[in-house]
Amino acid sequence: MIRAVGSHPPASAPVLAAYGYCETVTGQQARNFAYGIRLLPTAERRAMSALYAFSRRVDDIGDGALADDVKVARLEDTRALLSRIRDGAVDEDDTDPVAVALAHAAGRFPIPLGGLDELIDGVQMDVRGETYETWDDLKAYCRCVAGAIGRLSLGVFGTEPGARGAERAPEYADTLGLALQLTNILRDVREDAEGGRTYLPADDLAKFGCSAGFSGPTPPEGSDFAGLVHFEVRRARALFAEGYRLLPLLDRRSGACVAAMAGIYRRLLDRIERDPEAVLRGRVSLPGREKAYVAVRGLSGLDTRHVTRRAVRRRA
């Protein structure tokens, strides 16, 4: 999957307005994501905002207060809209700006729109209240709701022509998505519990005495909550290490975008590791100045060079 090349006609006023709407949604509702995509060229940034706005719509259906049967119907309506986008049946003057923007982006970049079907599948798992016995079970869910987003994003980024190992780029993008999702799960463990959801594998919870769940600001009595968190942090770090092998396969600005988004989550992981119980007291986040530093680091190519040097040492 190489970067899309060639000239494209300027976007029409309705398409630009649709992209503007999607960028507003992204800026207001996905600050970590927005920090990353601001490093991209205009066309790629707009396409990524369209992907985010559609994904956010799907997530909002799953997280909303509607009855489950209504959520299922709304998700199927959204899947039908995706089919229209895939079939080229959305006109520029359509009243749905997200559909207009995504249709335009899909016409410009080789975006594997089936990844959004996977996202809908994952949100349907949430609506059904599925729980996960093992990491393999949870991994299947994470691939739907996050790995698919990595692969969709790669459709926008493309890979550098001639990049060694480019055929594995979708695999690395998928794995990086898993790393981000597992970090999200750790960060939101209390919030999810209050919403009646448990994502961490049941066998991990049992191993560390946490099967009673997380209903308050302190761990279950007699549990090794810190041990559980550190166990999951190590798993997430291994996923990050594998997923970061994507960086040398991307052009400088796409690599900077990915490094910035992943870097923010890696720093969240550091904070969670230092103070595991913080996730039970409230949402762990990074201050704006630290996010800006991560973005600058990504743009400088430090992370990409580090991954490249490590790969060279492995081959030596």
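These numbers come from a predicted model, not from an experiment.
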Undergrad: Ion pair present between Arg283 and Glu191, side-chain N to carboxylate O less than 4.0 angstrom?
TA: yes
Undergrad: Is the shortest side-chain heavy-atom distance between Arg143 and Leu178 below 4.5 Å?
TA: yes
Undergrad: Is the closest side-chain heavy-atom distance between Leu81 and Phe54 below 4.5 Å?
TA: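 Counting from C-beta outward, Leu81 and Phe54 do come under 4.5 Å.
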Undergrad: Answer yes or no: is there a side-chain heavy-atom contact under 4.5 Å between Ile149 and Leu180?
TA: no
Undergrad: Should the heavy atoms of other residues, nucleotides or ligands under 6.0 Å from CZ of Arg197 be counted, would the total exceed 12?
TA: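 Check passes, neighbour count above 12.
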Undergrad: What's the verdict on side chain to side chain contact (heavy atoms under 4.5 Å, CB included) for Leu269 and Arg237, showing C-alpha distance, side-chain angles and the deciding distance?
TA: CA-CA 8 Å; Leu269 205 61; Arg237 288 197 191 285; 3.9 Å; yes
Undergrad: For the pair Tyr52 (side chain) and Gln29 (backbone), establish whether a donor and an acceptor sit closer than 3.5 Å, ignoring hydrogens and angles.
TA: yes
Undergrad: Working to the nearest 0.5 Å, report the span between CG of Leu176 and CD of Gln181.
TA: 12.0 Å
Undergrad: Under the criterion side chain to side chain contact (heavy atoms under 4.5 Å, CB included), I'd like the reasoning laid out for Leu16 against Ser12: C-alpha separation, chi angles, the key distance, then a yes or no.
TA: CA-CA 6 Å; Leu16 290 176; Ser12 66; over 6 Å; no
Undergrad: With the threshold set at 4.0 Å, does a side-chain nitrogen-carboxylate oxygen contact exist between Arg267 and Asp270?
TA: no
Undergrad: Find out whether the Lys NZ or Arg CZ of Arg235 is both under 6.0 angstrom from the six-membered ring centre of Phe240 and within 45° of the ring's axis.
TA: no
Undergrad: Could you check whether Asp121 pairs with Arg79 (Lys NZ or Arg NE/NH1/NH2 to Asp/Glu carboxylate O, under 4.0 Å)?
TA: yes
Undergrad: Which heavy atom of Pro170 sits nearest a heavy atom of Leu154, and at what distance?
TA: N-CD2, 3.5 Å
Undergrad: What pair of heavy atoms forms the shortest contact from Lys71 to Gly64, and how long is it?
TA: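 Here Lys71 and Gly64 meet closest at NZ-O, 2.9 Å.
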Undergrad: Verify the ring-centre separation between Phe157 and Phe109: is it less than 6.0 angstrom?
TA: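 No - the distance between ring centres of Phe109 and Phe157 does not fall below the 6.0 Å cut-off.
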Undergrad: May I have the step-by-step check of side chain to side chain contact (heavy atoms under 4.5 Å, CB included) for Ser49 and Val25, ending in yes or no?
TA: CA-CA 8 Å; Ser49 71; Val25 170; over 6 Å; no
Undergrad: Can you confirm whether Leu75 sits close enough to Val123 that some side-chain heavy atom of one is under 4.5 Å from a side-chain heavy atom of the other?
TA: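 Side-chain contact under 4.5 Å: yes.
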Undergrad: Is a side-chain N or O of Asp137 found less than 3.5 angstrom from the main chain of Thr134, in a donor-acceptor match?
TA: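 Yes, the answer is positive, given that a donor and an acceptor are paired below the 3.5 Å cut-off.
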Undergrad: For a quick test of reading the model, state the closest non-hydrogen atom pair linking Cys144 to Ala148 and the distance between them.
TA: O-CB, 3.4 Å
Undergrad: Verify side chain to side chain donor-acceptor pair (under 3.5 Å) between Glu242 and Thr175, making sure each step is shown before the conclusion.
TA: CA-CA 7 Å; Glu242 179 70 8; Thr175 301; 5.6 Å; no
Undergrad: Please give me the minimum heavy-atom distance between Ala146 and Gly177, naming the atom from each residue.
TA: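 Minimum heavy-atom contact is CB-O, 3.2 Å.
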Undergrad: Please round to the nearest 0.5 Å and tell me the distance separating atom CD1 of Ile111 and atom CD1 of Ile85.
TA: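 Between atom CD1 of Ile111 and atom CD1 of Ile85 there are 10.0 Å.
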Undergrad: Treating Asp96 as the side-chain partner and Val98 as the backbone partner, does any N or O pair qualify as donor plus acceptor under 3.5 Å?
TA: yes
Undergrad: Is a side-chain N or O of His104 found less than 3.5 angstrom from the main chain of Ala11, in a donor-acceptor match?
TA: no
Undergrad: Is there a donor-acceptor pair under 3.5 Å between the side chain of Asp251 and the backbone N or O of Arg253?
TA: yes
Undergrad: Is there a side-chain contact between Leu205 and Pro201 in this structure, where contact means two heavy atoms from C-beta onward sitting under 4.5 Å apart?
TA: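 SC-SC contact between Leu205 and Pro201 ruled out.
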Undergrad: Yes or no on side chain to side chain contact (heavy atoms under 4.5 Å, CB included) for Arg190 and Val279, after CA distance, side-chain angles and deciding distance?
TA: CA-CA 7 Å; Arg190 169 80 184 278; Val279 299; over 6 Å; no
Undergrad: Set out, in order, the CA-CA distance, both residues' side-chain angles and the distance that settles side chain to side chain donor-acceptor pair (under 3.5 Å) for Arg56 and Gln28, then state yes or no.
TA: CA-CA 11 Å; Arg56 182 73 192 202; Gln28 290 177 345; over 6 Å; no
Undergrad: To the nearest 0.5 angstrom, please state how far the CD atom of Glu130 sits from the CG atom of Leu138.
TA: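 With rounding to 0.5 Å, CD (Glu130) is 11.5 Å from CG (Leu138).
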Undergrad: Can you run down the ring pair (Phe, Tyr, Trp, His ring centres under 6.0 Å) pairs that involve residues 158-205, sequence neighbours left out, and say none if there aren't any?
TA: Tyr141-Tyr199
Undergrad: Show your working on side chain to side chain donor-acceptor pair (under 3.5 Å) between Glu76 and Gln124 and close with a plain yes or no.
TA: CA-CA 10 Å; Glu76 288 306 320; Gln124 286 178 329; 2.7 Å; yes
Undergrad: First locate atom CD1 of Ile37, then atom CD of Glu44, and finally report the distance between them rounded to the nearest 0.5 Å.
TA: 11.0 Å
Undergrad: Distance from Leu152 atom CG to Leu116 atom CG, nearest 0.5 Å?
TA: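 Between atom CG of Leu152 and atom CG of Leu116 there are 4.5 Å.
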Undergrad: When you look at Arg86 and Asp117, which way does the salt bridge (charged side-chain N to carboxylate O under 4.0 Å, His left out) test go after all the steps?
TA: CA-CA 11 Å; Arg86 186 184 291 112; Asp117 277 307; 2.6 Å; yes
Undergrad: Verify, without hydrogens or angle tests, whether Thr78 (side chain) and Arg74 (backbone) share a donor-acceptor contact under 3.5 angstrom.
TA: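 Pair found, side chain donor or acceptor close to backbone of Arg74.
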Undergrad: Give the minimum heavy-atom separation between Arg271 and Leu286, together with the two atoms involved.
TA: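 In this case the closest contact between Arg271 and Leu286 is NE-CD2, 3.4 Å.
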Undergrad: Under a 4.5 Å cut-off applied to non-hydrogen side-chain atoms, are Val145 and Met125 in contact?
TA: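 Sidechains of Met125 and Val145: no contact.
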Undergrad: Assess whether a salt bridge exists between Asp224 and Lys207, defined as any Lys/Arg side-chain N lying under 4.0 Å from an Asp/Glu carboxylate O.
TA: no
Undergrad: What about the rings of Phe208 and Phe231, do their centers lie closer together than 6.0 Å?
TA: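 Yes: the rings meet the under 6.0 Å criterion.
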Undergrad: In terms of side-chain geometry, is the basic nitrogen of Arg84 or Asp94 positioned less than 4.0 Å from the acidic oxygen of its partner?
TA: yes
Undergrad: Any chance you could lay out the salt bridge (charged side-chain N to carboxylate O under 4.0 Å, His left out) test for Asp68 and Arg128, step after step, and finish with the verdict?
TA: CA-CA 8 Å; Asp68 287 350; Arg128 293 195 298 267; over 6 Å; no
Undergrad: Identify the heavy atoms of Cys22 and Ala53 that sit nearest to each other, and give their distance.
TA: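 Here Cys22 and Ala53 meet closest at SG-CB, 3.7 Å.
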